[in-house]
Colleague: 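This is the structure, below, for whatever I ask next.
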There are 2 protein chains.
Amino acid sequence: MRLTTRGRYAVTAMLDLALHAQDRPVSLAEISERQTISLSYLEQLFSRLRQSGLVASVRGPGGGYRLVESSANIWVADIIDAVNESVDTTNCQGRGDCQSGSICLTHHLWEDLSQQIHNFLSSISLADLVAKRNVQDIAHRQVTQLLTLDENVRANAC
Amino acid sequence: MRLTTRGRYAVTAMLDLALHAQDRPVSLAEISERQTISLSYLEQLFSRLRQSGLVASVRGPGGGYRLVESSANIWVADIIDAVNESVDTTNCQGRGDCQSGSICLTHHLWEDLSQQIHNFLSSISLADLVAKRNVQDIAHRQVTQLLTLDENVRANAC
DNA sequence: CTAATACCCGAGTATTTTAGTCAACTAATA
DNA sequence: TATTAGTTGACTAAAATACTCGGGTATTAG
Ligand code: FES
Ligand code: FES
């Protein structure tokens with residue numbers, strides 16, 4: 001199994017979208033700023049998210065991305081799948097052939113574990129995350145932090 | 001989170017020990033043969049397993065390793081911890097500081113997931129695995145396969 | 001006593017994966 | 001028509017993984 005920065009970034013970015021793309025599309029530059037994720041890296045991730053039908057893009061000025069479905073219908077597991085982070089913990093990708101063609105001693109254990117992880121991540125929607133108090137608090141902090149930063153920049157410019 | 005070949009090998013090798021080290025110690029060479037894991041790599045893994053107090057070694061001819069505790073008291077989570085594969089899925093190792101010192105949007109999600117995985121792996125002992133029918137079948141196959149191989153070698157030698 | 005066995009340990013290396021960059025392009029719009 | 005912002009592919013640096021190698025040391029069977 002691999003669950004690394006890629007999958008975490010993807011879920012974080014999608015959550016940012018759920019929080020901020022209420023009426024207008026949200027640009028990757030915005031997400032990049034709020035979540036401190038490299039813009040170019042986000043582009044890579046959203047390319048996959050779009051291909052998986054989770055987000056739709058709007059080009060041109062004022063453009064950006066928006067969720068295709070309601071956040072209540074988007075599951076964390078879908079997002080991680082979309083960016084190619086398998087939640088599969090077997091060595092054989094489920095084929096059962098990792099000991100020179102035969103099944104190994106622990107195959108079933110990893111299969112069960114994978115199922116557990118998948119069930120858990122499939123039980124949580126973006127809407128569930130948005131509803132959490134701590135998520136709202138963090139989102140609020142991220143916005144005000146940027147506003148303060150902005151003021152400082154303006155002050156320095158004068 | 002990383003759950004890779006290292007953790008899988010460690011659990012497999014420990015299960016092999018639980019299956020075969022009933023009265024006598026089992027050498028790494030045996031495990032290497034049965035589980036098709038590189039001997040040198042096994043030495044590395046068992047160094048850590050020994051330091052964690054999961055196995056004890058017996059040097060010299062006829063030596064090998066044995067479980068320190070009964071297999072019913074060894075949990076899969078312990079083994080994975082011992083070989084330094086953290087089951088932690090947060091980016092911050094639980095510190096809550098991955099967004100330049102502050103907590104990120106999805107920290108709690110990964111914390112919950114880590115807990116789930118840990119609970120699952122802590123609920124399964126080596127004895128549980130040994131008791132499974134499919135594990136016994138595979139173990140049986142591994143032994144008979146080696147015996148056949150042995151006969152062939154002997155036949156070729158004549 | 002000694003040779004063989006099997007653990008012990010540290011250093012080194014090839015490969016793979018990840019995280020991130022760069023540059024050139026296209027579509028939309030103000 | 002200039003600017004914004006998505007689209008794409010190739011490329012790179014760094015890290016982690018999965019090993020290997022070589023020389024140890026303790027133990028014991030003969
Ligand atoms: S993990 Fe599937 S056969 Fe070994
Ligand atoms: S994962 Fe812990 S703060 Fe981001």
Side-chain angles (χ1 to χ4, degrees), chain A residues 1-13 17 20-21 24-33 35-68 80 83-86 88-89 91 93 98, chain B residues 1-13 17 20-21 24-33 35-52 54-68 80 83-86 88-89 91 93 98-99:
Chain A
M1 156 157 181
R2 49 211 143 106
L3 185 50
T4 62
T5 313
R6 186 154 81 230
R8 275 190 295 263
Y9 277 177
V11 175
T12 305
L17 221 55
H20 299 282
R24 69 198 164 99
V26 163
S27 73
L28 294 188
E30 273 182 77
I31 302 180
S32 165
E33 213 178 17
Q35 309 303 333
T36 50
I37 304 175
S38 138
L39 176 59
S40 303
Y41 202 39
L42 274 178
E43 287 176 344
Q44 262 185 53
L45 298 180
F46 272 78
S47 166
R48 305 207 211 191
L49 292 170
R50 192 174 54 89
Q51 278 163 32
S52 301
L54 292 175
V55 299
S57 62
V58 181
R59 291 179 142 200
Y65 286 93
R66 57 180 184 74
L67 299 179
V68 167
I80 293 179
V83 295
N84 248 8
E85 287 220 306
S86 168
D88 183 13
T89 56
N91 187 31
Q93 274 80 260
C98 88
Chain B
M1 155 156 182
R2 48 211 144 105
L3 183 50
T4 61
T5 313
R6 187 154 79 229
R8 275 189 296 262
Y9 276 179
V11 176
T12 304
L17 221 55
H20 297 105
R24 67 194 166 104
V26 163
S27 73
L28 294 189
E30 273 182 76
I31 301 180
S32 165
E33 213 178 16
Q35 308 305 332
T36 51
I37 304 175
S38 136
L39 176 59
S40 304
Y41 202 41
L42 273 178
E43 286 178 344
Q44 263 185 49
L45 297 180
F46 272 78
S47 167
R48 307 210 210 189
L49 292 170
R50 191 174 53 88
Q51 278 162 30
S52 301
L54 292 176
V55 298
S57 62
V58 180
R59 291 180 143 203
Y65 286 93
R66 57 180 183 76
L67 300 179
V68 166
I80 292 179
V83 294
N84 249 6
E85 287 220 309
S86 166
D88 183 13
T89 56
N91 188 30
Q93 273 80 260
C98 88
Q99 193 176 18

Colleague: Search all heavy atoms of Val83(A) against all heavy atoms of Arg6(A) and return the closest pair with its distance.
Modeller: O-NE, 3.1 Å

Colleague: Indicate, yes or no, whether a donor-acceptor pair under 3.5 Å links the base of dC9(C) to the side chain of Glu43(B).
Modeller: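 Checked by distance alone, the answer is yes.
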
Colleague: Does a nitrogen or oxygen in the side chain of Arg48(B) sit under 4.0 Å from OP1 or OP2 of dC8(C)?
Modeller: no

Colleague: Under 4.0 Å: is that the gap between some side-chain N or O of Tyr9(B) and OP1 or OP2 of dC19(D)?
Modeller: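 For Tyr9(B), the contact criterion (side-chain N or O under 4.0 Å from OP1 or OP2 of dC19(D)) is met.
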
Colleague: Angle class for the Tyr65(A)/Phe46(A) ring planes (parallel below 30°, perpendicular above 60°, tilted otherwise)?
Modeller: tilted

Colleague: Please tell me if Ser57(B) has a side-chain N or O lying less than 4.0 Å from either OP1 or OP2 of dC8(C).
Modeller: yes

Colleague: Given the structure, check if the side chain of Gln51(A) and the base of dT7(D) hold any donor-acceptor pair shorter than 3.5 Å.
Modeller: no

Colleague: Using whole Å, what does the distance between atom P of nucleotide dG6(D) and atom CG of Leu45(A) come to?
Modeller: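 Taking CG of Leu45(A) and P of dG6(D), I get 13 Å after rounding.
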
Colleague: Select base, sugar-phosphate, or nothing to describe what Thr5(B) touches, counting heavy atoms under 4.0 Å on all strands.
Modeller: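 Counting heavy atoms under 4.0 Å across all strands, the contact made by Thr5(B) is with sugar-phosphate only.
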
Colleague: If you check every side-chain atom of Thr4(A), which of dC8(C), dA19(C), dT7(D) has the closest atom?
Modeller: dA19(C)

Colleague: Looking at dA18(D), I'd like to know if its phosphate oxygens (OP1 or OP2) sit under 4.0 Å from a side-chain N or O belonging to Ser38(B).
Modeller: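 No, no such contact exists.
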
Colleague: Using the closest heavy atom to pick a nucleotide of DNA chain C for each, name whichever of Gly60(A) or Tyr65(B) lands nearer the 5' end.
Modeller: Tyr65(B)

Colleague: Once you round it to whole Å, what is the distance between C1' of dT25(D) and CZ of Arg50(B)?
Modeller: 12 Å

Colleague: Which nucleotide in the set dA18(D), dT5(C), dC19(D) lies at the smallest distance from any side-chain heavy atom of Pro61(B)?
Modeller: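 The answer is dT5(C), which lies nearest to the side chain.
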
Colleague: Testing the basics here: between Leu17(B) and Arg66(B), what is the closest heavy-atom pair and its distance to 0.1 Å?
Modeller: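 Scanning both residues completely, I find the closest heavy atoms to be CD2-C, 4.2 Å.
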
Colleague: Between Gln44(B) (CD) and dG22(D) (C1'), how many Å, whole number?
Modeller: 14 Å

Colleague: Please check: side-chain N/O of Thr12(A) versus main-chain N/O of Arg8(A), any donor-acceptor pairing under 3.5 Å?
Modeller: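 Confirmed, Thr12(A) side chain pairs with Arg8(A) backbone.
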
Colleague: Tell me whether the OP1 or OP2 atom of dT26(C) has a side-chain N or O from Arg59(A) closer than 4.0 Å.
Modeller: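 Checking dT26(C) against Arg59(A), no side-chain N or O comes under 4.0 Å of OP1 or OP2.
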
Colleague: May I ask you to say what Ser40(B) touches in the nucleic acid, namely base, sugar-phosphate or nothing, with a heavy-atom cut-off under 4.0 Å?
Modeller: base

Colleague: Report the nucleotide, chosen from dA6(C), dT5(C), dA28(C), that has the shortest atom-to-atom distance to any side-chain atom of Ser27(B).
Modeller: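 Selected nucleotide (nearest to the side chain): dA6(C).
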
Colleague: Does Arg50(B) pair with Glu43(B) as a salt bridge, N-O distance under 4.0 Å?
Modeller: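 A salt bridge is absent here (no side-chain N lies under 4.0 Å from a carboxylate O).
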
Colleague: Which one, dT7(D), dA19(C), dT8(D), comes nearest to the side chain of Ser47(A)?
Modeller: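 Given the options dT7(D), dA19(C), dT8(D), the side chain of Ser47(A) is closest to dT8(D).
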
